[in-house]
Amino acid sequence: MTPGTRGTVSLSRPVLRYPANPVLAPDDVNRTWRDPGLQVVTVHNAGAAMIGEVTALLFRSHLRCGISILGAARSADGVTGWQVDRQPALLPAAPNDRYAADVDIAALVGMESGGVEDARLNPVEGTLAVTYSAYDARVKNRVHVALATTDDLANFVRHGPMVERDMRNVVIFPERLGGRYVGLFRPNDQLPGDVGGTFTEIRVGHTDDVRSGRWQLDDEPIMRTGAGPSAFSDKIGPGAPPVRTRHGWLNLFHGARTTMDGNPYVLGVALHDLDNVRRVRMSAVPILFPSTADCRVPEDAYVHVPNVVFSCGMLRRDDGTLVIYYGGNDTVLNIGFSHEDVLAELCTTYGQNPLTGELLYPLRSPSATSHRHH
Amino acid sequence: MTPGTRGTVSLSRPVLRYPANPVLAPDDVNRTWRDPGLQVVTVHNAGAAMIGEVTALLFRSHLRCGISILGAARSADGVTGWQVDRQPALLPAAPNDRYAADVDIAALVGMESGGVEDARLNPVEGTLAVTYSAYDARVKNRVHVALATTDDLANFVRHGPMVERDMRNVVIFPERLGGRYVGLFRPNDQLPGDVGGTFTEIRVGHTDDVRSGRWQLDDEPIMRTGAGPSAFSDKIGPGAPPVRTRHGWLNLFHGARTTMDGNPYVLGVALHDLDNVRRVRMSAVPILFPSTADCRVPEDAYVHVPNVVFSCGMLRRDDGTLVIYYGGNDTVLNIGFSHEDVLAELCTTYGQNPLTGELLYPLRSPSATSHRHH
Amino acid sequence: MTPGTRGTVSLSRPVLRYPANPVLAPDDVNRTWRDPGLQVVTVHNAGAAMIGEVTALLFRSHLRCGISILGAARSADGVTGWQVDRQPALLPAAPNDRYAADVDIAALVGMESGGVEDARLNPVEGTLAVTYSAYDARVKNRVHVALATTDDLANFVRHGPMVERDMRNVVIFPERLGGRYVGLFRPNDQLPGDVGGTFTEIRVGHTDDVRSGRWQLDDEPIMRTGAGPSAFSDKIGPGAPPVRTRHGWLNLFHGARTTMDGNPYVLGVALHDLDNVRRVRMSAVPILFPSTADCRVPEDAYVHVPNVVFSCGMLRRDDGTLVIYYGGNDTVLNIGFSHEDVLAELCTTYGQNPLTGELLYPLRSPSATSHRHH
């Protein structure tokens, strides 16, 4: 077993942080990418997948100019010894990149001109479907989710936007369900004068052809932020591509709560029925809250966004262990360990209504009842 | 005297922090409340009162799901050796709780469904009037201040909302004034589509019967945030129930200032005439600013809101010493010591107009004058 | 050479922090200004100039009441041994201050009643033209930039607002250009019900008489925040008065980016042609990002605004070394060292269009090209 990863997860402590976090920091990238134009100030929010026996991550880094690009790192055991690829993996689209047929190259080049972010590595049909956010440098806050395919995180074929509308996070279930591909989407609303979005719901989408760019989204969400105080009260969206367990599909999502100073991001978990992904049990209890331990950096390092944990990738091991790759404060990359049995039990025992936020378990034990006073 | 509390307060340093802060942290609660559904991530903003010879606190804790509940802790000397009660003290109202006659139980259950917060313990008529914020889980940001009475912080009788309108903080003067009960209120405005509030003023209210739910509020505030740059420029509200001193009623309030990154909360102090609470002298100088020392937590701990000190309770000792219980970063509970003479002098010598914010003392010494140049 | 200042700057690390930062902290001021009404919680954003052989700073401090005032500090070598003047240098205008003829004294007293902030020391005509922000205590967020002249940072003559409109940051080129004085301005927009401003552009202004209060501003900006993700995407404005180098005028400016939690402020650099200041090459790469090392304070110290570096003064030495005086988190004052050759090369090699934000250099090396896939 990986050194330093022993411990017990429980309903009260569902994730154990890897003691040697972070596993990737900006200096690790800057030692490899020496070009001053490619020096980075962050490395975070990595998609994760197995490529043969190797664990591969596709991480996001902010260049100093503020644009994000994607890079690859690889490890034999998925925890230690990460090697960063010598060149960035995916930069904003350029005319000489490799494109699928029918892609409007000029449109995509514009669409990605503000950077590429938060890639998910979705194993689909024996290849990796990379779903990533593409920012347009010409319109404030305009963002699409685009698709690329790759077998090695070195050579990519670009397929363009997954849907035409503004979108920020998309994950794909790793097998056909009812004969179709199914994904979880966080739409962005069109606001007058801006395209920032509302960030408040997750919808199911489906398609017959992952590469087509013709996903059909449900009219109604399956999860929402809800109305009252909650750890997910102001923002919610997909995190890691769903993982098959004997309990159901485990969906590691992100949520945020607006406070008088900042918007702490936490990791949440939901359980979708294996044969009906729209039937979802959502834990009211987040599994990881941000902390200082999630952003260990040198004293002179920049920290991009305080009070954030955010995951784009979770890998299951044969014994049900879950390895969660998560960004800390949008600045460094960390690992946490959990187990499918604990996460499933949180969803079934400490649930909330995924649309209203109403708690589905009692806060008081039966002994706490009392009587009306006259 | 309590170990570690020696020191001198002054106009330049009006509050001394207890060196062993925090006195309560989430782990202290979690060791007592073992149910995974009752694990907390914060303990803060405690009301304080003497119950016989024991100092009792009614603290607020965020459950992991994001809802707040109230718990009790007790200490023989008011500073050390805090014991947390084995069960939470006050959870969101449930039908089997104890209610006063005439309370609309179903309405109150809905009104409190999003959690109970920031209780003040107001000694009134030989019992404790608990004034606490009740959030509605069904309407974003809807909050009332409700009343419960208790003699022991274990058995409560609920009396429902103090006023029908949205409200966030209420404290009650500890004796009848002019034959009536008097309180300080921070109203929330009704906003179209939201009920968040403006947070910018404190009004006096009065009633003949504390338990009636029929408080009458003045049409005009007695304190306001003012217009210009100030430590209280963007939010102001009651903190601890007023404390009788020979100088007047000491009102420990909270204020916040909006900056380019966050809204630092400070503690302020005002002095109300003993025989006319609407006559108020307000110190322009806050008595405590937030600091790292106010939120000492383990590296892996969650911190809910940076840059906040907030008090719901201050107790006076016979020698005029004031023991201030205050939350740090909405995460832990701390103690600070002050003295009534120093706080009163801040109000009388370094005042600001409580409605306009205009300073009432000169920034320059008389020697600094100069002459017009031609 | 000053101890602790050896090191090499480069395109990848264009600024070296002085290891003994901060050079001024609130305690340094409070030891000198003993009046409780003059105790400060910050010292930051200092203008800098040589007065004879002495380096002089005009720093900003927040009094505890929240109003800012200006103080002077002096050092023989510009790095160590700072002495704070015994009295504040510039307080909000009072009737007995020294005024130029034609100044509407009563209007200026009102205009500055909320405090004076962020002074630049612009060497003009053998004196120092102090351009500082003046807040009005009577109207929320109303701010003008006013002018005072001084030879010693002890005696000032006030000249009133530089322009009538709301304004936040102004710097003046240190010599006449084309026979006129030229400055860089960051206008504030007039918003309905507020005068906060948009913070998104820098314009050139010119005048025949620095003291007249009749500057004429260009209709179009020369620098803007741009539309897409960038380190300067949400705010931009002048920092230090421009410094003449053999490469052009070096303009050290500030920029901020809005994130989900805060607005990190960075230092940026632009190069204006010596004979045409409207011809500007702007580095897309900031030269300094905020870090913990920029706000070293005691555990019980207040920190006003997290994640900020901000400069009002940069001094050139004969060898092209640049000494940058910059505030950390609006709380303490630090020093960084750079060199004009490195900053000029950032502007010419890693530029962005100063109006659109478009990058002017390729992110990928020529070897990274690939081919269209069918």
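No hydrogens, no waters, no symmetry mates; every other heavy atom, side chains included, goes into these values. Here is how names work: the chains are called A, B, and so on, in the same order as the sequence lines, proteins then strands, and each is numbered from 1.
When all heavy atoms of C:Pro306 and B:Asp261 are compared, the pair lying nearest together is O-OD2, 3.2 Å. Minimum heavy-atom separation, B:Asn307 to C:Val303: ND2-O, 3.2 Å. Scanning both residues, C:Arg64 and B:Arg13, for their nearest heavy atoms gives NH1-N, 4.5 Å. Considering all non-hydrogen atoms of both residues, B:Pro264 and C:Tyr302 come closest at CG-OH, 3.1 Å. For C:Ala137 against B:Ala227, the heavy-atom pair with the smallest separation is O-CB, 3.3 Å. Residues B:Pro229 and C:Gly66 approach most closely at CB-O, 3.9 Å, considering heavy atoms.
For C:Arg138 and B:Glu358, the salt-bridge test fails: no basic side-chain N is under 4.0 Å from an acidic carboxylate O.
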*Would B:Leu359 and C:Ile67 count as a side chain to side chain contact (heavy atoms under 4.5 Å, CB included) if you check the C-alpha gap in whole Å, the side-chain angles of each, and the deciding distance to 0.1 Å?*
CA-CA 10 Å; B:Leu359 289 188; C:Ile67 283 179; 4.0 Å; yes
*May I have the step-by-step check of side chain to side chain contact (heavy atoms under 4.5 Å, CB included) for C:Leu63 and B:Leu363, ending in yes or no?*
CA-CA 10 Å; C:Leu63 300 173; B:Leu363 288 182; 3.5 Å; yes
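Expressed to the nearest 0.5 Å, how far OH of B:Tyr361 lies from CG of C:Asp35 amounts to 9.0 Å. Here the CG-CG distance, from C:Asp300 to B:Asp294, works out to 8.5 Å after rounding to the nearest 0.5 Å. The CG atom of C:Asn141 sits 8.5 Å away from the OG atom of B:Ser233 when rounded to the nearest 0.5 Å.
Of the two parts of C:Ala256, neither the backbone nor the side chain holds a non-hydrogen atom closer than 4.5 Å to a non-hydrogen atom of chain B. Neither the backbone nor the side chain of C:Pro298 comes within less than 4.5 Å of any heavy atom in chain B. Interface residue C:His304: backbone and side-chain heavy atoms are both found under 4.5 Å from chain B. With a threshold of 4.5 angstrom between heavy atoms, C:Asn263 approaches chain B through its backbone and through its side chain. For chain B, no part of C:Val308 is nearby; none of its heavy atoms comes within less than 4.5 Å. Of the two parts of B:Leu288, neither the backbone nor the side chain holds a non-hydrogen atom closer than 4.5 Å to a non-hydrogen atom of chain C. With a 4.5 Å cut-off on non-hydrogen atoms, B:Ser283 does not touch chain C at all.
Side chain of C:Lys140 to main chain of B:Asp234: no donor-acceptor pair is present (N/O by atom type, distance under 3.5 Å, no hydrogens or angles). Looking at B:Arg364, its side chain does come within 3.5 Å of a backbone N or O of C:Pro92 through a donor-acceptor pair.
Within the 4.5 Å cutoff, the side chain of C:Glu299 has no heavy atoms near those of the B:Arg17 side chain.
No more than 12 heavy atoms of other residues, nucleotides or ligands lie within 6.0 Å of CD in B:Glu220, so this atom counts as exposed by the packing criterion.
The residue among B:Ala284, B:Ala293, B:Gly357 with the most heavy atom pairs within less than 4.5 Å of chain C is B:Ala293.
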